[in-house]
Number of protein chains: 2
Amino acid sequence: MFETAELGHRIAKSVFDRAAPKLRSDLLDAQYRLKEDGTFPVIVLISGVRGAGKGETVNLLNEWMDPRHILTRAFDTPSDEERDRPPMWRYWRALPPRGRIGILFGSWYTAPIIDRVFRKTGRGDLLRSIEDINRFEKMLADEGALIVKFWFHLSRKAQRKRLKALKADPETRWRVTRRDRDFFREYDRFYRISGETLRATSTADAPWIVVEGADAPYRSLTVGRALLEAMNKRLDAPAGRGRPVSKAAPIVRPIDARDALTELDLSRTVTPKAYKAGLLDWQGRLGRLARDAKFPRISVTLAFEGMDAAGKGSTIRRVTGGLDARLYNVIPVAAPTDEERAQPYLWRFWRHLPRKGRVTIFDRTWYGRVLVERLEGFCSEADWMRAYSEINDFEEQLGRADVVVCKFWLQISREEQLRRFRERERMRFKRFKITPEDWRNRKKWSLYQSAAADMIARTSTQSAPWTLVEANDKKFARLKVLETVCRRIERAFDGA
Amino acid sequence: MFETAELGHRIAKSVFDRAAPKLRSDLLDAQYRLKEDGTFPVIVLISGVRGAGKGETVNLLNEWMDPRHILTRAFDTPSDEERDRPPMWRYWRALPPRGRIGILFGSWYTAPIIDRVFRKTGRGDLLRSIEDINRFEKMLADEGALIVKFWFHLSRKAQRKRLKALKADPETRWRVTRRDRDFFREYDRFYRISGETLRATSTADAPWIVVEGADAPYRSLTVGRALLEAMNKRLDAPAGRGRPVSKAAPIVRPIDARDALTELDLSRTVTPKAYKAGLLDWQGRLGRLARDAKFPRISVTLAFEGMDAAGKGSTIRRVTGGLDARLYNVIPVAAPTDEERAQPYLWRFWRHLPRKGRVTIFDRTWYGRVLVERLEGFCSEADWMRAYSEINDFEEQLGRADVVVCKFWLQISREEQLRRFRERERMRFKRFKITPEDWRNRKKWSLYQSAAADMIARTSTQSAPWTLVEANDKKFARLKVLETVCRRIERAFDGA
């Protein structure tokens, strides 16, 4: 991976001085075209060995381009708000919106490589990280992001020389730390492990560009030109070209029309007396679990889906009824805001993830992608087809970060929905207003049911299984949900 | 303040049970009307003595209403991201958007009262806090927020009894902590200091409602009804009624048309050689200041204003040129996003405030309120008139939190602007596009100049003075800005 970056590439200062003004002007133009175009973000990763000019290059890019439209983020020690969430959360919150350039100084590569170099993790961890990263970057690319990854390399000799030079100059001495020396001692491991990582993550969507870092004019021109070329190539492409096209086989319905939903016994019910006792029991149990000494070590995400009038709202209220209001947030998912539309699809859910010891309840969820967005044509087939695996990746990350993920599909019959719609129409309350859209959606009942069955089949995983809830009897549904939440938390405690 | 809340108010459980269903249904309706109306947020503060049922009441409100449209926020120990910013930052980020209810459990009252009770602050601090709070709440009210403040009170006897009861029950024993005992020991001080604070902050915009907390049915009905009444009163008011009307005298222009801007000597200039040397010097000095051991104790906010083509962008680039890109963010201020429009005006600036050791540069700023918004009629006269003092309050808070605030007005002559417009038109670069709007704004030159002069006169304070920059010579302007930034940081170091 690094062979061509140890050749001692150099260019004369005079060559640089001649080339720089034009490059700079072209970069500025590309940046403004990007802003005007507004359809995709540019994500620039700056990684590599210490002392190879990463910081200088980031500063130079900010100097060459218009810093007002660049978001530069350095990832040092995570804040406590970041430590309390899945590791990728801090990167999600730093993603640039469409039309802007984000320079990430340090990235999702830093921890996997360094932890492996210093033997904090095993080889299996690194391989898993590599796979995670490839899936994450593929998702970003599928969402339209242009990803430009730079790796700054120095040969062992060059690195030693550079560290010496930095130390000799009183202006730069502060930049050489004990950590630099620790790193230099592990040069070989670092070389091998980062090489392997780079090879395995150099994909068509996001190839690595390895830059020899010893000579400032050389590395600056190389980075500037590569970035310019990548941006122009994308900006010059006819709109829509390069958009992913689904290569998947169509989703085939079972010939006998049976699926997980049709098999549910919707006649299940509970007596008023049993409901009253059960509600008290389970809410009390949930409340005690939330006060358990182990609770601050986990967090809980509840996802509610179901047809209109399936009882999501009233069920959520029975769950929150067992919890202290300081512990939970309920997020009703409606149309995305414009800040959310400028980001990858899952961004709007990442931003609401709970801290440790907290609960986030989503009323409608990220599954909208494969339900309403699929059926109403709000996204392309390729978009919702890839959503299944993106969602699985997302939930797996949550699971690994000790987030208990409970997903509920509240199932009612078509007749029961009609009965509830009519009942709502008779009520005077604003809150039970039935809109024409509700009636329109109802006409697509069987399409929605098929899409839900697909979704359940494709996204019910070990760590984040779907719970199908027979909800014709609301009370039965509420108890089943409460019980599931309690048992999942208890299981998490056993594992914690 | 608390006399009527020690009368031993009680209502029978049966009265409560009869009244609750109707109240609950009415609250739900009001909540949905609020959501539909969408023009104002409801901010509910829950404060008071420990053991007076605050937590239970918050839970009850969430149970009675639809928790999906309530944001409940409890303010415990600040996170490190919060500690690194002015104290009010954590409350700004918790404000509910228009159309929603935010329940703040603990609030901007907590620290001033408690710090004074436990003698961490003096009487002067408390008085200043009270004044700050009144100005802050007035701003919220002027922005349309409905503020409902509940104070839960217990007589000394009742508090002792309640703590005992909580301790006796194994289900609730966990809730009584050492802190409760510390508080109880200071009952008298707490009584006196909170009483004084409440009296001084019970304003027409945001009066306090003191609730006797001993009897759950009584306090629950009291809070529920008061909240319902406040919401309905506001929702029933004819639109626009209750909107603040400016009572201020009109702004009078000096008869001789002289002001701070007309007095500037725009012929000031710098030689190319002096510029080159000065730029290097000041950028180097800025870079060294940012690496100083004292820098992580302060943060820096730079605000740039000026007519179109005054050179804000290119000046900002000379400032960032002296800084490590990891340390700064540049925020170009354009039209607000929809999430920003749903919040008080200053919210969009608060969210970008730098952490300690960081720099945020605003290209156009909160002063848009008294410049473009004033002149283009984007807000009412009352809105921009009150903005002067709101901005002064905002910047004073920054100053107190060790944020260095430098505000630059880049002044060019009308002829120079024309020259630059024409030059830009001749250029092929996208980034120098001149829009019809630029020409339109140019026609209002003297109006903008007057507004800027007003702004400077009304918002140049000791801690956040305006620096007027003669910018016909861009190079002169850049050096003056860089020098000012350096000197202001140095002065902050002396104070730190």
Side-chain angles (χ1 to χ4, degrees), chain A residues 25 28-29 31-33 35-36 55 58-63 65-74 76 79-82 84 103 105 171 174-175 284 288 291 312-313 316-317 319-321 323-332 337-340 342 355 361 363 428-433, chain B residues 25 28-29 31-33 35-36 55 58-63 65-74 76 79-82 84 103 105 171 174-175 284 288 291 312-313 316-317 319-321 323-332 337-340 342 355 361 363 428-433:
Chain A
S25 168
L28 265 172
D29 277 345
Q31 193 186 10
Y32 275 75
R33 283 177 71 198
K35 184 166 169 266
E36 195 119 314
V58 171
N59 288 339
L60 191 68
L61 288 175
N62 271 282
E63 201 184 308
M65 291 188 281
D66 189 331
R68 292 176 296 180
H69 306 298
I70 298 180
L71 297 167
T72 303
R73 291 284 181 276
D76 209 329
S79 73
D80 54 11
E81 297 192 20
E82 290 171 341
D84 260 6
I103 299 182
F105 196 151
E171 274 290 288
W174 60 278
R175 289 169 51 192
R288 277 189 303 276
R291 294 195 299 272
K312 295 187 292 295
I316 288 171
R317 282 168 62 165
V319 175
T320 58
L323 290 167
D324 189 300
R326 282 165 277 197
L327 296 182
Y328 64 81
N329 267 314
V330 188
I331 310 295
T337 67
D338 48 15
E339 293 181 39
E340 291 170 340
R355 299 187 67 156
I361 302 172
D363 179 8
R428 65 177 182 90
F429 306 123
K430 277 245 188 238
R431 60 184 184 274
F432 286 136
K433 214 174 46 179
Chain B
S25 167
L28 264 172
D29 277 345
Q31 193 186 9
Y32 275 74
R33 281 177 73 196
K35 185 167 170 266
E36 195 119 313
V58 172
N59 287 339
L60 191 68
L61 289 175
N62 271 283
E63 201 184 308
M65 290 188 280
D66 189 331
R68 292 176 295 181
H69 306 298
I70 298 179
L71 296 168
T72 303
R73 291 283 180 277
D76 209 328
S79 73
D80 53 12
E81 297 191 20
E82 290 171 342
D84 260 4
I103 299 181
F105 195 151
E171 275 289 289
W174 60 278
R175 289 169 49 192
R288 277 189 302 276
R291 294 195 298 273
K312 294 186 292 295
I316 288 172
R317 282 168 61 164
V319 174
T320 58
L323 289 167
D324 189 300
R326 283 165 277 198
L327 296 182
Y328 63 82
N329 267 314
V330 189
I331 309 295
T337 67
D338 48 15
E339 292 181 39
E340 290 169 341
R355 299 187 67 156
I361 302 172
D363 179 7
R428 65 175 181 89
F429 306 123
K430 278 245 186 241
R431 60 184 183 274
F432 286 135
K433 216 174 44 180

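Below, chain A is the first sequence line, B the second, and so on; all start at residue 1.
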Task: A:N62 CG to B:Y328 OH distance, which is reported to the nearest 0.5 Å - done: 3.0 Å
Task: Pairwise distance CG(A:L323) to OG1(B:T72) - rounded to 0.5 angstrom - done: 11.5 Å
Task: Contact winner vs chain A - B:G55, B:G313, B:G321, heavy-atom pairs under 4.5 Å - done: B:G313
Open item on the list: Using only atom types and a distance under 3.5 Å, with no angle test, would you say the side chain of B:N59 pairs donor to acceptor with the backbone of A:A325?
Closed with: yes
Task: A:T320 portion near chain B, given a 4.5 angstrom heavy-atom threshold - done: side chain
Open item on the list: Heavy-atom cut-off 4.5 Å, strictly under: side chain, backbone, both or neither for A:D363 against chain B?
Closed with: side chain
Open item on the list: Could you check whether any side-chain N or O of A:R317 sits under 3.5 Å from a backbone N or O of B:E63, counting only pairs where one atom can act as donor and the other as acceptor?
Closed with: yes
Task: Expected output: side-chain B:D338 to main-chain A:D338 donor-acceptor under 3.5 Å - done: yes
Task: Greatest number of heavy atom pairs closer than 4.5 Å to chain B - which of A:R288, A:E339, A:R326 - done: A:E339
TODO: Kindly give the heavy-atom pair with the smallest separation between B:E81 and A:D80, and that separation in Å.
DONE: N-OD1, 4.3 Å
Open item on the list: Report which part of A:I331 has an atom under 4.5 Å of a heavy atom belonging to chain B: side chain, backbone, both, or neither.
Closed with: neither
Task: Option that, when pairs with chain A are counted at under 4.5 Å, heavy atom only, ranks first among B:L327, B:D84, B:D324, B:D66 - done: B:D324
Open item on the list: Need one label for B:I361: side chain, backbone, both or neither, based on atoms under 4.5 Å from any heavy atom in chain A.
Closed with: neither
Open item on the list: For a quick test of reading the model, state the closest non-hydrogen atom pair linking A:S79 to B:R355 and the distance between them.
Closed with: CB-NH1, 4.0 Å
TODO: Can you tell which part of A:N329 gets under 4.5 Å to a heavy atom of chain B, answering side chain, backbone, both or neither?
DONE: side chain
